[in-house]
Every structure is written in structure tokens, then in C-alpha cells.
Chemist: 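Take this structure first; my questions come after.
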Amino acid sequence: MPPTTRAYSTITPSWQRFHEFAAPLQSNSGAGSAAASSSNQQQHPYARQYSHVYAARLAGLRSRCLENARRTLKENGVDEDDVMVVDRIIQVEEGKLSILVGTIVKETDPKRRPVVSSTYDDEDACSFLFPNGLAAKGARVEGAQEPLRAHLFDSKKGDLLHLEDESGRVELFPFGDSQNSMDVDNADALDANKVATGVVAAVIGEVIEGKGVMHVRSIHFAGPPLFGHDAKSADGMRGTLAGETETDDPQILLVSGLAFGTDSPSDIKAGGSLALRREMLLEYLTNSDIGNGAAISRVIVAGGGVAPPKKDAFADSNKENNHHTNGNKSKKTKYESTSPMAFSLRELDVYFSEILSSGIPVDYIPGWHDPTNANWPQRPIHSCLLPNSCSFVDLFQRSTNPYECTVGEKVRVLGSDGLNVADLRRFLPRSVTNAGGDAGEELTAVSAVDALNHTFRYGHIAPTGPDSLPMFPSSESDPFILNKRPVVYFSGNCEKFETRVVGANGEEIASANAEKDVSRLICIPSFALTGEVVLVNLKTLECQVMSFDDVRL
């Protein structure tokens, strides 16, 4: 049998656009000269006000929201001349059917609002993505974390919903009389539990005279931009056998939550080892004779490369270092070679270098626990922290968080470590649990793929920032707006694998037909929790989950 060579796919990185909005002056994070030159022409990010973020977001999404609202009117036979398009909220007239475009603002009682930490704290970060504290309890239910709790918006408890722009705001209330409402799809009806503060939307309704409250007949989001006529192509994605015959279709491998520096919370109980599962994944990648490993053209690590550091571990390490330090030497810090974080990074670096030495390109997306800036967009991890991996100049790429590139000619890939989706889920409740007392306080959040689909329909990657998701204050434009439609759109560090194929307006469709303009949404399971990775066929967009389970060996 002739020897095989790995599948190949070209790549054009475009994540530098995120770095341009995040890097302070004279940045040394190594994302490229384009970001540095752009930063030199801008003022320091923290010299701006956060109000500019919402103004830039509204300006970037206003026309798309308005277009979708007008299309709905046309589809339902409503004469556009009978509806007033209001440029500024302060100009709306009472008693007239109007279209307003603004930013959703949800006001709730501070005692009922989900707690958001204002400091960059490792323990807070761990509980943010994994709210049940698995590491502390040592428990695991069917390989998944406890369902994320969400906050229920309840107008009966004093919660208010507003639409806001630079001129003012108006209170929103669902149109209650179905007999007089427009004949629109139920999906367009206003539901406060399907939006979050920061979402830009167009609403159709009328302000009640003397009350100043707008009764909303329908709500419309920006949605993703449409594909061009050549939006998807297989050019630049080829693999060959000896004799010039084609191999399997090229694929990308998506993984998150490798969690170097710790074992999975369930390892002791289940008798498994996260380290062994990582070695199994490494063997699968580097040995092209195992399975279809030769078809993997690129590995994308979506955050979670290092485990959440523990304060106690840092304190013990520093105490021991200080104990052995004499008075003539400076005291060691927690980030020196003996610290848990440094040890985790060394393990991660060696692991990546073994993959890279086999000729497999690796893109690393930083996550919440990585040593980089906390505010979105997160800058690439510094090259000095991964020296062995960075020696593979042509194969290893340190990206921003979020991540964006074009594989082949037109397969646009967009995704993040999952923090944006986890944050949005806290404001999108799905069901009420009956356990324990007040049903309004015990809620299950929507699934991760539902939240990812919501961001797709909103036309924005991180709609909850900067209200609850830490974010740099950009003023000229909002880098998180979906200006180009992704073909593959993913979120990392999820509790289980989920996927969905969506059409032009974010609606779910049966399958990814290569002839249709579709996007594949993927929730990448945390490898530490599930031992699973996701393979994506770049030609058909079909997904395959691979599980590395050492317990059954």
C-alpha cells in the first residue's frame, strides 16, 4: 500500500481585526505588525467611554434590523406608508404604528440579577463556566456539568424592558391582544426571556397615549449577512496519495478544555486519567495509520488549554518558595518556574510541539484562565510562554479570542472559547425546576447551541458585553458584529456536543447541503469533562464526534 500524506488546506487568518481593537499602544503580544501600526494611530482603549460601544454597535446593525422589519411588513401585506420609521426614539409619536431601532436594556432588581464579578478572579472564572463547582464536590453526573442557571425576567416583580438609543429610551411591553396584532410568525413576538441587554433590534408597535409605553407587535434582529454567490469552495483543500489520487476529504479537528495542570473532576471516581486521554488523542493525531487521522489538516484548540489555577495552590507554592529564599535573593513570584501555572504551560507547550512535529498545523485560542488580558477581545498568548511550539513558525498560530479565519478559498471559520455563550445563557431561561420553593429563582438555561444560534440571529458574537462580559471600550466600530457570514461557527468548553445547521435567517434546517447557503453551528465539548473532540469535513460540513475513553480499555 502506498504511503499517505496528510490532507492539506490553505488558511487565511483574519483574527487580527480583533487585536486591532484590543491592543494598547506599543503592544508586544505578537499578533503582527498590522495591529501594532493600527494601535499607534489610535488612542489608548481605556481612554474611551463604554457608551461608545453601544453607539457603534447600533450604528453597525441598524440598517440590517430595519431591513428585516420592513421585509416582515411586506410579507404580511402591510403597506409601508402606514408605518412610521422613526430615526430617533425621542421623535416617536403616540398612537401611531412605528418602527424603532435601538439597544435592548433589561432592568431588574439588583437582588435578583445574576451576580457578575467585577474583578479578574480565578475562582470566579471557574464557577462562571462550571457553576456547580465540580472540582470541589468531586461529583459528575453522566459526564456533564450541572445545568447552568439562568435569570427569569418577570415584569410582575418589577423588571422593566427598554429600547434605547443616544436620544432616549422607551419602555417595551408585549402586545397582548392577538386579535388586533399583525399577522406575523410567533417567532417575531417580543419575549423578554429571549433577549439580553446589549442586543440591537427593530421593534414594530405603537406607544400608548399618556403612558409612554410601547406595545410591541413584533421584534426583528439584524441576523447574519447573506453569502455571496461564491461563498463556499473546496479550492485549496486537497490531499494526495502516492500516484496523485485523492484522499478522504480534508477535515479540521476542534478541541477545547485540554486542562493541563489537573485531572478531570471525575477521574478519581471513575478510575480514568485525563492525562491518558490526552495521550490517546496525541497518538491519533500523530499516527496517520490510525483511523482517518491523515485527513486532519488542522487542529483548532478553542480555549481551556490550562486548568483553572487554584488560590491555595499558589499560596502553598509561594510559601515554600519564600521559605527557601535567603535574604540576599529576591522572592519568587507565582508565575516563576515552580508555580502551577508555569508547570501547566510547559506541559501544554510540549504537547503542542509533539503535534506540530508531525506536520499538523495548530491554532491556539486563549481562554478565560490563560495568562492574557481578561477583557474581550483577548490578545494572543505571548510567544515566550510557549517557546517550543512557537519555534514551528509556519505551523503554529497564536490567535485572538474570538478566532476567525478562512480555510481554503471561502470556508470562513469563526468561534471562541465559549465564554460569550456561557454568559448569554445566564439571561435566557428555558424551564423552571420544581425543586425547592420559589420557582422563579431555580431555572435551567437554554442549551449552548440555542444560545449560539441566538448570537447568530442577533448578528453579534458577544451581545452581553460590556454589561456582563468584560470588554474593551471600542468607539469607531464594534469588532464583534457579524459583518461576514461564517460557514463554521463554534463555541468551546461546552458541557456536551451539540450541532445545528442553520439557513439564511438562522432557522434550523435538516442537513448541510453543499449547494445551499448554510452555516454549521458547533458546540465543542470540554475534553476534560467528556474526552471528546469534533471533526468537521470542510467540503460537506458534516460533523463527527470522537471519544477517547480510557475507562473501557
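Just so it is clear, the model here is predicted, and its values are computed rather than measured.
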Chemist: Salt bridge or not between K211 and E171? Use side-chain N to carboxylate O under 4.0 Å.
Modeler: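 Salt bridge flag = no for E171 with K211.
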Chemist: Does the side chain to side chain contact (heavy atoms under 4.5 Å, CB included) test come out yes or no for F497 and T530, once each step is laid out?
Modeler: CA-CA 9 Å; F497 167 74; T530 65; over 6 Å; no
Chemist: So D478 and H460, do their side chains get closer than 4.5 Å, heavy atoms only?
Modeler: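 Contact flag for H460/D478 side chains = yes.
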Chemist: Measuring only between side-chain heavy atoms, which start at C-beta, is V502 closer than 4.5 Å to I509?
Modeler: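 They are not in contact (no side-chain heavy atoms under 4.5 Å apart), so the answer is no.
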Chemist: Show me the pairs that pass ring pair (Phe, Tyr, Trp, His ring centres under 6.0 Å) and involve residues 76-109, at least two apart or across chains.
Modeler: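 Residue pairs with at least one partner in residues 76-109: there are none.
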Chemist: If we only count heavy atoms from C-beta on, is the P525 to E495 side-chain gap below 4.5 Å?
Modeler: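 Side-chain contact under 4.5 Å: no.
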Chemist: For the CD atom of Q544 and the CD atom of Q251, what is their distance to the nearest 0.5 Å?
Modeler: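 Answer for the CD-CD pair, Q544 versus Q251, is 6.5 Å.
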Chemist: Ignoring hydrogens, what is the shortest heavy-atom contact between Y54 and P466? Give both atom names and the distance.
Modeler: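 Minimum heavy-atom contact is OH-CD, 3.4 Å.
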Chemist: Between Y458 and F221, what is the ring plane arrangement, given parallel below 30°, perpendicular above 60°, and tilted in between?
Modeler: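 Ring orientation of Y458 relative to F221: perpendicular.
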Chemist: Side chain to side chain contact (heavy atoms under 4.5 Å, CB included) for I11 and Q397? Distances and angles first, verdict last.
Modeler: CA-CA 11 Å; I11 183 173; Q397 303 206 55; 3.9 Å; yes
Chemist: Counting only N and O atoms by type, is there a donor-acceptor contact under 3.5 Å from the side chain of R17 to the main-chain atoms of P479?
Modeler: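 Looks like yes, one N/O pair under 3.5 Å.
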Chemist: Would you mind checking if D363 and R298 are paired as a salt bridge, meaning a charged N to carboxylate O distance below 4.0 Å?
Modeler: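 The answer is yes: the pair qualifies as a salt bridge.
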Chemist: Would you call R62-D87 a salt bridge at under 4.0 Å N-O?
Modeler: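 D87 and R62: salt-bridged.
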Chemist: Can you name the closest pair of heavy atoms from V446 and P429 and give their distance?
Modeler: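 Closest approach of V446 to P429, heavy atoms only: CG1-O, 4.0 Å.
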Chemist: Go through it in stages, so that I can follow the logic: the residues are R57 and T103, the test is side-chain hydrogen bond (donor to acceptor under 3.5 Å, both in side chains), and I'd like the CA-CA distance, side-chain angles, deciding distance and then a yes or no.
Modeler: CA-CA 9 Å; R57 184 179 305 173; T103 304; over 6 Å; no
Chemist: Just wondering, do L521 and F490 contact through their side chains at under 4.5 Å, heavy atoms?
Modeler: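 They are not in contact (no side-chain heavy atoms under 4.5 Å apart), so the answer is no.
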Chemist: Any donor-acceptor pair under 3.5 Å linking the side chain of N537 with the backbone of T540?
Modeler: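 Pair found, side chain donor or acceptor close to backbone of T540.
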Chemist: Start with the C-alpha gap between E542 and R520, add the side-chain angles, then the distance that decides, and say whether salt bridge (Lys or Arg N to Asp or Glu O under 4.0 Å) holds.
Modeler: CA-CA 8 Å; E542 293 299 323; R520 167 73 73 173; 3.8 Å; yes
Chemist: Could you walk me through whether L428 and N193 pass side chain to side chain contact (heavy atoms under 4.5 Å, CB included), step by step?
Modeler: CA-CA 5 Å; L428 304 179; N193 287 305; over 6 Å; no
Chemist: Show the numbers, then the answer: is there a side chain to side chain contact (heavy atoms under 4.5 Å, CB included) between L253 and I300?
Modeler: CA-CA 6 Å; L253 185 144; I300 299 176; over 6 Å; no
Chemist: Is the shortest heavy-atom distance from the side chain of I461 to the side chain of F18 under 4.5 Å?
Modeler: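 Answer yes - side chains close enough.
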Chemist: Give a yes or no on whether the backbone of P486 and the side-chain of S519 come within a donor-acceptor separation of less than 3.5 Å.
Modeler: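 At least one qualifying donor-acceptor pair exists.
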Chemist: Between A504 and L226, what is the shortest heavy-atom contact and its length?
Modeler: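 Closest approach of A504 to L226: CB-CD2, 4.0 Å.
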Chemist: Is the side chain of S256 donor-acceptor paired with the backbone N or O of G492 at a distance under 3.5 Å, no angle test?
Modeler: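 The answer is no, because no donor-acceptor pair under 3.5 Å joins these two groups.
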Chemist: Taking the side chain as every heavy atom from C-beta outward, state whether V101 and D165 have any pair of such atoms under 4.5 Å apart.
Modeler: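 No, too far: nothing below the 4.5 Å cut-off.
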Chemist: Which atom names give the shortest non-hydrogen contact between A192 and L161, and what distance separates them?
Modeler: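 Heavy atoms only, the tightest pair is CB-CD2, 4.0 Å.
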Chemist: OG of S416 to OH of Y403: how many Å apart, nearest 0.5 Å?
Modeler: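 Reported value, rounded in 0.5 Å steps: 12.5 Å.
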Chemist: Tell me the closest heavy-atom pair linking T455 and L482, and the distance in Å.
Modeler: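 Nearest pair, atom of T455 first, then L482: O-CD1, 4.1 Å.
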Chemist: Tell me the closest heavy-atom pair linking A202 and C65, and the distance in Å.
Modeler: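 The answer is CB-O, 3.6 Å.
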Chemist: Do Q91 and R88 have side chains that get closer than 4.5 Å, going by heavy atoms?
Modeler: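 Touching, per the 4.5 Å side-chain cut-off.
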Chemist: Flag the pair M214 / L100 as yes when at least one side-chain heavy-atom distance between them is below 4.5 Å, and no otherwise.
Modeler: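 Yes, at least one pair of side-chain atoms sits under 4.5 Å.
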Chemist: In this structure, which one of T372, D370, N373, D417 forms a side-chain hydrogen bond (donor to acceptor under 3.5 Å, both in side chains) with N401?
Modeler: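 That would be D417; it is the only one of T372, D370, N373, D417 passing the side-chain hydrogen bond (donor to acceptor under 3.5 Å, both in side chains) with N401.
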Chemist: Could you check whether R412 pairs with E404 (Lys NZ or Arg NE/NH1/NH2 to Asp/Glu carboxylate O, under 4.0 Å)?
Modeler: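 Salt bridge present between R412 and E404.
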Chemist: Show your working on salt bridge (Lys or Arg N to Asp or Glu O under 4.0 Å) between R64 and E67 and close with a plain yes or no.
Modeler: CA-CA 5 Å; R64 283 158 56 181; E67 180 183 354; over 6 Å; no
Chemist: To the nearest 0.5 Å, what is the distance between CZ on R500 and OH on Y489?
Modeler: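 That separation rounds to 13.0 Å.
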Chemist: Just verifying a value: how many Å separate I99 CD1 and R217 CZ, rounded to the nearest 0.5 Å?
Modeler: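 The CD1 atom of I99 sits 12.0 Å away from the CZ atom of R217.
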Chemist: Quick check against the 3.5 Å criterion: does K106 have a side-chain atom that pairs as donor or acceptor with the backbone of V195?
Modeler: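 A pair under 3.5 Å: yes.
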Chemist: Check whether the side chains of D467 and T464 place a donor and an acceptor atom closer than 3.5 Å, and report yes or no.
Modeler: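 T464 and D467 do not have a side-chain donor-acceptor pair below 3.5 Å.
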Chemist: Checking side-chain contact (heavy atoms from CB on, under 4.5 Å) between I204 and each of V216, I219, V78, L97, which is the one that passes?
Modeler: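 Of V216, I219, V78, L97, side-chain contact (heavy atoms from CB on, under 4.5 Å) with I204 is met by L97 alone.
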Chemist: So with a 6.0 Å cut-off around CD1 of I208, is the heavy-atom count from everything else above 12?
Modeler: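 Buried by this count: over 12 neighbours within 6.0 Å.
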Chemist: Would you compute the distance between atom CG of L163 and atom CD1 of I89 and round it to the nearest 0.5 angstrom?
Modeler: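 These two atoms lie 4.0 Å from each other.
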Chemist: To the nearest 0.5 Å, what is the distance between CE on M84 and CD on E206?
Modeler: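 Between atom CE of M84 and atom CD of E206 there are 12.0 Å.
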